[in-house]
Asker: 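Encoded as structure tokens, here's the structure I'll be asking about.
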There are 2 protein chains.
Amino acid sequence: MRKEASRATGRPTLAEVAQLAGVSQITASRALRDVPTVDPVLASKVREASKALGYVPNPAARTLASARSQSVVVLVPALSNQLFIETLEAIHNVLRPRGYEVLIGNFHYSREEEEELIRNYLAIQPCGILLTGFDRTDASLRLLEANKVPCVHMMELTKADDVFSVGFSQEDAGAVVARHLLAKGKRRLAYVAAQLDARVIQRGEGFKRALAEAGVDALELAVPDPSSVGLGGELFDSLLRRHPDVDGIFFCNDDLAHGAIFEALRQGISVPGRVAFVGFNDLPMSAHIVPRLTSIHTPREDVGKHAAHLMLALLAGAEIRERTIDLGFELVVRESS
Amino acid sequence: MRKEASRATGRPTLAEVAQLAGVSQITASRALRDVPTVDPVLASKVREASKALGYVPNPAARTLASARSQSVVVLVPALSNQLFIETLEAIHNVLRPRGYEVLIGNFHYSREEEEELIRNYLAIQPCGILLTGFDRTDASLRLLEANKVPCVHMMELTKADDVFSVGFSQEDAGAVVARHLLAKGKRRLAYVAAQLDARVIQRGEGFKRALAEAGVDALELAVPDPSSVGLGGELFDSLLRRHPDVDGIFFCNDDLAHGAIFEALRQGISVPGRVAFVGFNDLPMSAHIVPRLTSIHTPREDVGKHAAHLMLALLAGAEIRERTIDLGFELVVRESS
DNA sequence: TCCCCGTAAGGTAGCGCTGTCTTAACGAAG
DNA sequence: CTTCGTTAAGACAGCGCTACCTTACGGGGA
């Protein structure tokens with residue numbers, strides 16, 4: 001029986017579980033955390049008692065005592081992009097069933113905002129952080145370093161082997177698009193981009209490098225504004241005015257490409273007859289739009305899944321052989337090119 | 001100076017702030033929480049000391065001591081629907097700057113999964129819960145009741161005045177669409193729906209009721225499958241086969257309508273000439289698709305914003321006069337009807 | 001036979017904060 | 001001048017859990 005301290009939550013505590021199981025509190029604690037030094041017989045007694053009482057551990061007490069929460073923070077640059085939603089969902093599906101809380105931070109493509117989020121989230125003593133890409137402020141890096149929180153980087157890869165990353169080569173994807181458009185006989189090619197984050201720039205680099213290797217010049221129209229369907233139409237229109245002879249466009253994401261398709265339809269411009277379009281990410285809509293959009297299919301769910309599993313391995317203190325997981329990408333050729 | 005207990009986090013604690021400010025620990029605690037019984041002079045001393053040390057409160061300790069966390073749980077039926085993303089973003093923008101953690105639970109349109117989430121999230125002793133709609137299991141209701149967590153319901157409204165809700169009338173929105181299509185001279189009208197949650201059904205009821213009042217029969221094609229662009233095309237196609245004379249369709253959301261527009265374009269069916277389309281939610285793409293889609297614009301950001309503010313008022317113990325906040329909706333007429 | 005050491009269980013003492021009760025101080029009323 | 005009520009500050013005792021250290025026990029080697 002518990003003493004009637006008015007501040008108690010009323011929920012069963014570890015002490016009650018231990019008492020019912022006839023062991024000490026610390027043994028019950030160890031049994032429920034699967035610490036291997038506990039006699040299996042005692043451990044099962046503890047689990048029975050826990051179930052009988054409907055015991056649920058108090059995360060706050062655990063965090064306070066161990067100076068480490070069961071929360072994993074995930075920082076993404078946007079939620080408006082369906083891409084990251086799918087990654088987050090995959091992360092959730094791995095971590096939640098294993099008792100981890102997933103905290104989402106949206107830094108709106110701002111390094112400063114990301115730094116602020118890191119600063120704030122460190123207060124809750126997360127057991128791990130999943131980050132998007134590698135481009136962040138020095139202060140962010142120092143904070144992460146000083147707090148010794150395991151980090152996994154998503155979406156991009158790196159040569160550095162002291163960091164963990166799960167993703168694919170954005171540059172290679174750009175190059176594949178370039179070669180695809182060249183193979184289709186297109187020669188007057190452009191990269192149209194918005195929201196110029198590191199990955200968007202890498203895609204463009206890969207695209208332009210592959211064109212240069214083929215001896216073809218690349219046009220480019222890149223604006224820092226947030227990406228949107230409407231912007232895609234505008235950018236296509238202004239590119240076309242400046243370069244009426246353009247015959248192939250690589251958009252840095254599908255949203256822009258969708259907007260361009262609508263604009264082309266309005267202007268009566270044939271796609272891919274007069275100009276071919278290629279998008280990036282392969283959002284669900286791209287398979288249905290008229291004309292269906294050729295796009296790079298990115299493994300965003302798998303990125304989330306693998307990143308979460310890598311984090312689990314780090315938390316378990318496992319020896320990691322592969323610090324870089326390249327999940328590749330796939331060019332899905334459809335009607336628009 | 002702190003004693004060198006190896007288990008300490010190394011971060012400054014409230015005790016150190018209190019010592020530097022020359023007050024007791026509890027006074028420092030009260031000062032930083034803006035408890036009104038603290039002398040303003042002492043309070044400002046405490047705030048200075050806190051800033052000087054770079055003090056950040058430990059949420060776990062606070063939660064353990066007060067038996068209530070600074071976390072607000074938000075339960076939504078889906079993240080794949082852009083609608084809820086915008087609502088979540090608005091909630092974040094209100095609650096995070098005020099020191100609350102926002103925890104997102106996605107119950108995938110499953111009452112059972114929602115119940116499970118409620119059960120699990122109660123373990124962290126959230127200070128409030130934001131819920132979507134009113135349709136949940138009895139066990140869920142009992143859990144919420146028993147734990148005395150303040151709740152705010154989003155998206156739908158209710159007559160019951162012992163609950164807090166922020167949203168708009170889904171039925172009225174359906175009725176407005178019906179009257180709009182009738183005004184356009186359409187007489188062979190259908191409701192096409194997927195993912196039949198309470199709100200989708202309410203929209204259909206409003207639509208059909210308004211048609212009945214005008215003496216017009218309503219066709220209906222409703223499937224429980226998850227909504228998607230592809231499904232919209234399929235549903236439109238099968239409706240058209242069964243009822244080639246249909247001349248106006250209300251889709252339960254924009255995704256379905258977009259898919260139908262693509263399908264119509266493929267089949268060479270004129271929209272709105274032969275059949276008019278109306279969507280629901282007014283996603284960004286609807287203003288750009290060809291033809292631009294008529295839709296009900298729903299105030300999802302405002303729903304999030306107002307729900308969060310209502311929660312803040314509840315947490316502050318304020319007296320709430322308006323327990324129901326009706327934010328309305330707007331029919332945006334475009335080319336498709 | 002004794003000692004040492006490895007392993008499993010327990011005792012103890014916090015982690016950092018806040019609820020509750022108590023005390024101190026002060027002005028107003030009798 | 002005393003008494004009382006009110007407000008502000010502090011003392012104290014946990015909240016529920018786990019890290020750390022200690023103890024108990026048994027087996028193997030000298």
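Chain identifiers are assigned alphabetically (A, B, ...) following the order of the sequence lines, protein sequences preceding nucleic acid strands; residue numbering begins at 1 within each chain.
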Asker: Look at the side chain of R62(A) and decide which nucleotide, out of dA9(D), dC15(D), dT18(D), has an atom nearest to it.
Answerer: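 My answer, after comparing the listed nucleotides, is dT18(D).
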
Asker: Among the nucleotides dG16(C), dT18(D), dG16(D), which one has an atom lying closest to any side-chain atom of T9(A)?
Answerer: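 Shortest atom-to-atom distance from the side chain points to dG16(D).
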
Asker: I need the CG-P distance between D39(B) and dG10(D), as an integer number of Å.
Answerer: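 Computing the D39(B):CG to dG10(D):P distance gives 11 Å.
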
Asker: Aromatic rings H153(A) and F134(A): how do their planes relate, parallel, tilted or perpendicular, breaks at 30° and 60°?
Answerer: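 Because their plane-to-plane angle is under 30°, the rings of H153(A) and F134(A) count as parallel.
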
Asker: Nearest nucleotide by nearest heavy atom, which residue falls closer to the 5' end of DNA chain C, I26(B) or A60(B)?
Answerer: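 Closest to the 5' end, via its nearest nucleotide, is A60(B).
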
Asker: Determine the minimum heavy-atom distance between M154(A) and V303(A), stating which atoms define it.
Answerer: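 So the two residues come closest at CB-CG1, 3.8 Å.
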
Asker: Heavy atoms from C-beta onward define the side chain here; which of dC17(D), dC17(C), dA8(D) lies closest to that of T13(B)?
Answerer: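 So the side chain of T13(B) is nearest to dC17(C).
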
Asker: Rounded to the nearest angstrom, tell me the gap between atom NZ in K45(B) and atom P in dA8(D).
Answerer: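 Those two atoms, NZ and P, are 17 Å apart.
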
Asker: Tell me the closest heavy-atom pair linking G54(B) and P12(B), and the distance in Å.
Answerer: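 Nearest heavy atoms, G54(B) then P12(B): O-CG, 3.8 Å.
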
Asker: Think T63(A) has a side-chain N or O under 4.0 angstrom from the OP1 or OP2 of dC15(C)?
Answerer: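 For dC15(C), neither OP1 nor OP2 has a side-chain N or O of T63(A) closer than 4.0 Å.
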
Asker: Kindly point out which of dC17(C), dG16(C), dG14(C) is positioned nearest to the side chain of L64(A)?
Answerer: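 Out of dC17(C), dG16(C), dG14(C), the nucleotide with an atom closest to L64(A)'s side chain is dG16(C).
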
Asker: Name the residue closer to the 5' end of DNA chain D, choosing between Q25(B) and S29(A) according to the nucleotide with the nearest heavy atom.
Answerer: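 Whichever sits nearer the 5' end wins; that is Q25(B).
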
Asker: Taking 4.0 Å as the cut-off, does a side-chain nitrogen or oxygen of S66(A) come that near to OP1 or OP2 on dT18(D)?
Answerer: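 For dT18(D), neither OP1 nor OP2 has a side-chain N or O of S66(A) closer than 4.0 Å.
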
Asker: What is the separation between atom CG on L42(A) and atom P on dG10(C), rounded to the nearest whole Å?
Answerer: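 About 7 Å, once rounded to whole Å.
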
Asker: Please state how far atom CD in Q70(A) lies from atom P in dC15(C), giving the value in whole angstrom units.
Answerer: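 For the pair Q70(A) CD and dC15(C) P, the rounded distance is 21 Å.
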
Asker: How many whole angstroms separate atom CD1 of I124(A) from atom C1' of dG16(C)?
Answerer: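 The answer, rounded to whole Å, is 16 Å.
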
Asker: Quick one: the side chain of R30(B) and the base of dG19(C), do they pair up donor-acceptor inside 3.5 Å?
Answerer: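 No such pair is found, so the answer is no.
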
Asker: Which nucleotide in the set dA11(D), dG10(C), dG19(C) lies at the smallest distance from any side-chain heavy atom of R33(B)?
Answerer: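 Nearest to the side-chain atoms of R33(B), counting from C-beta on, is dG19(C).
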
Asker: Tell me the closest heavy-atom pair linking P150(A) and R68(A), and the distance in Å.
Answerer: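 Heavy atoms of P150(A) and R68(A) come nearest at CD-NH1, 4.4 Å.
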
Asker: For the pair made of CG in L14(A) and P in dT12(C), what is the distance, rounded to whole Å?
Answerer: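 Distance, rounded to whole Å: 17 Å.
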
Asker: In this structure, how many angstroms lie between the P atom of dA9(C) and the CD atom of Q19(A), rounded?
Answerer: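 The distance from CD of Q19(A) to P of dA9(C) comes to 19 Å, rounded to the nearest Å.
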
Asker: What is the distance from CD of E16(B) to C1' of dG16(C), rounded to the nearest Å?
Answerer: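 Value for this atom pair: 11 Å.
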
Asker: Which nucleotide in the list dG10(C), dG16(D), dG16(C) gets nearest to the side chain of A61(B)?
Answerer: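 Selected nucleotide: dG16(C).
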
Asker: Would you indicate, yes or no, if dA9(C) has its OP1 or OP2 atom less than 4.0 angstrom from a side-chain nitrogen or oxygen of S24(A)?
Answerer: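 Result: no.
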
Asker: Specify the closest pair of heavy atoms between A307(A) and V152(A), including all atoms of both residues, with the distance to one decimal.
Answerer: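 Shortest heavy-atom contact: CB-CG1, 3.9 Å.
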
